**Student:** 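Dumping the structure here so I can ask a few things about it.
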Number of protein chains: 2
Amino acid sequence: MLQIAREAGVSLGTVSHVMNGTAIVREPLRQRVLNAVKNLGYEPNELSRGLRLNKTSIIGMIIPDITNPFFPAVVRGVEDVAYKNSYRLVLCNTDNDSSKEITYLSQLKSFLPAGILLIPSMGSTVATNSSGPPVVCVDRRPQGWKGDMVTVANREGAYKAARHLIDMGHRQIGLIAGPSYLTNAQDRLLGFTQALNDAQIPIAPEYIQEALFDRATGYSSAMRLLQMLPRPTAIFTTNDLMAMGALLAVRESKLSCPKDVSIISFDGLEQTELTDPPLTTVYQPGYQLGYTAARLLLERIDASKQPAQEIVLETTLRVRNSVANLNR
Amino acid sequence: MLQIAREAGVSLGTVSHVMNGTAIVREPLRQRVLNAVKNLGYEPNELSRGLRLNKTSIIGMIIPDITNPFFPAVVRGVEDVAYKNSYRLVLCNTDNDSSKEITYLSQLKSFLPAGILLIPSMGSTVATNSSGPPVVCVDRRPQGWKGDMVTVANREGAYKAARHLIDMGHRQIGLIAGPSYLTNAQDRLLGFTQALNDAQIPIAPEYIQEALFDRATGYSSAMRLLQMLPRPTAIFTTNDLMAMGALLAVRESKLSCPKDVSIISFDGLEQTELTDPPLTTVYQPGYQLGYTAARLLLERIDASKQPAQEIVLETTLRVRNSVANLNR
DNA sequence: TTGTAAGCGTTATCAG
DNA sequence: CTGATAACGCTTACAA
């Protein structure tokens, strides 16, 4: 910066002023500075800038599994609003590992981001009112979180899915639930059981399998379900990755979906449109989720004193071909 | 930090020393410092640290499209080695936008990362020997890049795919190529034409369509191909996302794959195993790509003077059910 | 072994 | 409008 100042024949402070537009500088001088910047290829050092300003123009985001296509969709939504508002998105993938989550969270904080978007993995412990940058939680609620949050209507969505199965005449329904420590998994389980209760369908406990929202455990849970007697006529997999695993399990068991066993899922990833058969699933708006969360975070950055908000997005049932109609 | 020093009854410098293990501090003092750190919940400020050390423990990575499942796989590979070596991975998604790429690249640099991993999108212009942190390019080569690089044997992989089609009796073969400014797309095109030349099969120029490595343009290119007369008996889509689009196009055209038209692809994403029909595709090791690139970058960080390396990973043909055998 | 102080690249205050 | 200068939080000679 000093070099620029010398090259342009002005003082250091003036350079700072023209870079930040923080004071009106006489045009000729301004030009000289700008030229010098161009000539020397000067790039301000964000580290020192952040150090001085006590915050950077970064928005940090922590996601549990970059490999699950649902999360990249959320990220896209976040990025679109962050980038437009000249924040830069910086992403950390915790791989569903809570120690990684903790590490990344504090690492991120020590870079003084303008704000943080968190999709918590395990029993995350984010102190709600801890000092530091504003945090908004996305998709799942950490233990005791009272701050801003945007989620999807998981309970209602799961209810719709189960209801659809029931409407199609299914009575022996297996569930592949997500990890019980995740609030969205809990809510989906709740929606499921409520639908069955409302329809006065008894729930066999062994029909409820807990898996990890990934394909591998979806596969093994489905295998278990398929070997039970009586075999469930339908399985509700509470996310699409697990549905993929279930599909595989059905195929390897020499069974056919939906003829022998129906599958309904949750997420509505693009790829489930092309599976064999195309999956009936409850769509949740990933992009919107990210978009909304980012908007909320920006609001919070500008006005930190507002009361915490909770936004819930709706899901919609997308009927395709993986559920058999038992009524006819 | 001063607070810690006071709380522990030592000087500021001592605190730094125990934090970094940069000097042997008498055990009782050390413990007092550590306690103070715990009590006050002290987290060192990475900004000032980086400012002083002139580098941070961050590895920056720039990817073109987080929505294409191939890249998350690469990211996972990178993350595993970065995290283990106590570097933190920070990710930027350019959304295939070269201006975003430039912005992120310079933004990233101004945070003084220990190194940068770049999957270039457009005709990226990364000066090979520009000062700053070491950069290794992944998957594609930017214009005139002479530095470290790890890619996949694209030409050979594409050759295998085309060869497989030929072996199965196909002679009218359509190609959905990637963007011509991407070196991996160029190489795949090269492998394709070479296979056809070697087999003395003439190539109709209109059978070669250029798309953008995404599902939407894969779909429209396939639509165009399917309306040509004579209709190609097989289509080689040069990545899986475009194959998904092609599959959709086939379905919407009331045709059947592989009966009416065969499809072979490139990438080998997990999801292509479950499509209808399961796709025959050339697998490229995404995770390995990231893993290798990260290893190379770490080497480079430690010994910047080694000559530039180029590592090329092999691909393998995975035969499934999307290619018809015309020979019988 | 411990403490002091200079300096990393910026910004912001304040006197010209 | 411009230009010194202190301060941001930390590391590291160097002195004690």
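Remember, predicted model here, so these are calculated numbers, not experimental data. Quick note on labels: first sequence line is chain A, next is B, and so on, each numbered from 1.
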**Student:** B/Glu27 has an atom CD; how far is it from atom P of C/dT2, in whole Å?
**Tutor:** 11 Å
**Student:** If you count every heavy atom of other residues, nucleotides or ligands that lies below 6.0 Å from B/Gln3 atom CD, does the total exceed 12?
**Tutor:** no
**Student:** C/dG3, D/dC1, D/dC8: which one has an atom nearest the side-chain heavy atoms of B/His17?
**Tutor:** C/dG3
**Student:** What's the closest nucleotide to the side chain of A/Ser48 if the choices are C/dG9, C/dT2, C/dT11?
**Tutor:** C/dG9
**Student:** Looking at A/Thr14, does any N or O in its side chain come under 4.0 Å of the phosphate oxygens OP1/OP2 on D/dG3?
**Tutor:** yes
**Student:** From CE of A/Met1 over to C1' of D/dG3, roughly how many Å is that when rounded to an integer?
**Tutor:** 12 Å
**Student:** Whole-Å distance between C/dT10 C1' and A/Leu51 CG?
**Tutor:** 8 Å
**Student:** Can you find a donor-acceptor N/O pair under 3.5 angstrom joining the side chain of A/Arg49 to the base of C/dT10?
**Tutor:** no
**Student:** Select from B/Gly9 and A/Gly13 the residue whose nearest nucleotide in DNA chain C is closer to the 5' end of that strand.
**Tutor:** B/Gly9
**Student:** Between C/dT4, D/dG3, C/dC8, which one does the side chain of B/Ser11 approach most closely?
**Tutor:** C/dT4
**Student:** Minimum heavy-atom separation for B/Thr103 and A/Tyr83, please, with both atom names.
**Tutor:** OG1-OH, 3.0 Å
**Student:** Using a cut-off of 4.0 Å on non-hydrogen atoms, how would the nucleic acid contact of A/Asn54 be classed: base, sugar-phosphate, or nothing?
**Tutor:** nothing
**Student:** When you compare the side chain of B/Phe213 with that of B/Asn96, does any pair of heavy atoms fall below 4.5 Å?
**Tutor:** no
**Student:** Report yes if the side chains of B/Leu289 and B/Val150 come closer than 4.5 Å at any heavy-atom pair, otherwise no.
**Tutor:** yes
**Student:** Between atom CG in A/Leu47 and atom P in D/dT11, what is the gap in whole Å?
**Tutor:** 12 Å
**Student:** Can you tell me how far P of C/dG9 sits from CG of A/Leu53, to the nearest Å?
**Tutor:** 16 Å
**Student:** Of the nucleotides C/dT10, D/dC1, C/dT2, which has the atom closest to the A/Ile24 side chain?
**Tutor:** D/dC1
**Student:** Residues in salt bridge (charged side-chain N to carboxylate O under 4.0 Å, His left out) with A/Asp95, at least two apart?
**Tutor:** B/Arg76
**Student:** Considering only side-chain heavy atoms of B/Arg26, which listed nucleotide, C/dT10, C/dT2, D/dC10, is closest?
**Tutor:** C/dT2
**Student:** Which angle, rounded to 10°, do you find between the first-five-pair axis and the last-five-pair axis of the helix from C/dT1-D/dA16 to C/dG16-D/dC1?
**Tutor:** 40°
**Student:** Can you tell me how far P of C/dC8 sits from CG of B/Asn45, to the nearest Å?
**Tutor:** 18 Å
**Student:** Taking any heavy-atom pair under 4.0 Å as a contact, classify A/Glu43: base, sugar-phosphate, or nothing.
**Tutor:** sugar-phosphate
**Student:** Rounded to whole Å, please give me the gap between CG in A/Leu2 and P in D/dA4.
**Tutor:** 10 Å
**Student:** Show, in sequence, the C-alpha distance, side-chain angles and deciding distance for A/Arg88 and A/Glu46, and conclude whether the salt bridge (charged side-chain N to carboxylate O under 4.0 Å, His left out) test is met.
**Tutor:** CA-CA 12 Å; A/Arg88 303 296 158 244; A/Glu46 288 294 326; over 6 Å; no
**Student:** Roughly how far, to the nearest 0.5 Å, is OG of B/Ser16 from CE of B/Met19?
**Tutor:** 8.5 Å
**Student:** Donor-acceptor pair under 3.5 Å: do we get one between A/Arg52's side chain and the base of C/dT10?
**Tutor:** no
**Student:** Carefully, step by step, assess A/Asp148 and A/Leu297 under the rule side-chain contact (heavy atoms from CB on, under 4.5 Å).
**Tutor:** CA-CA 8 Å; A/Asp148 293 306; A/Leu297 182 61; over 6 Å; no
**Student:** Whole angstrom is fine here: how far is it from CG in B/Leu112 over to C1' in C/dT10?
**Tutor:** 13 Å
**Student:** Among C/dT11, D/dT11, D/dG9, which is the nearest nucleotide to the side chain of A/Leu12?
**Tutor:** C/dT11
**Student:** Would you mind telling me which of D/dT2, C/dT11, D/dC10 lies closest to the side-chain atoms of A/Leu29?
**Tutor:** D/dT2
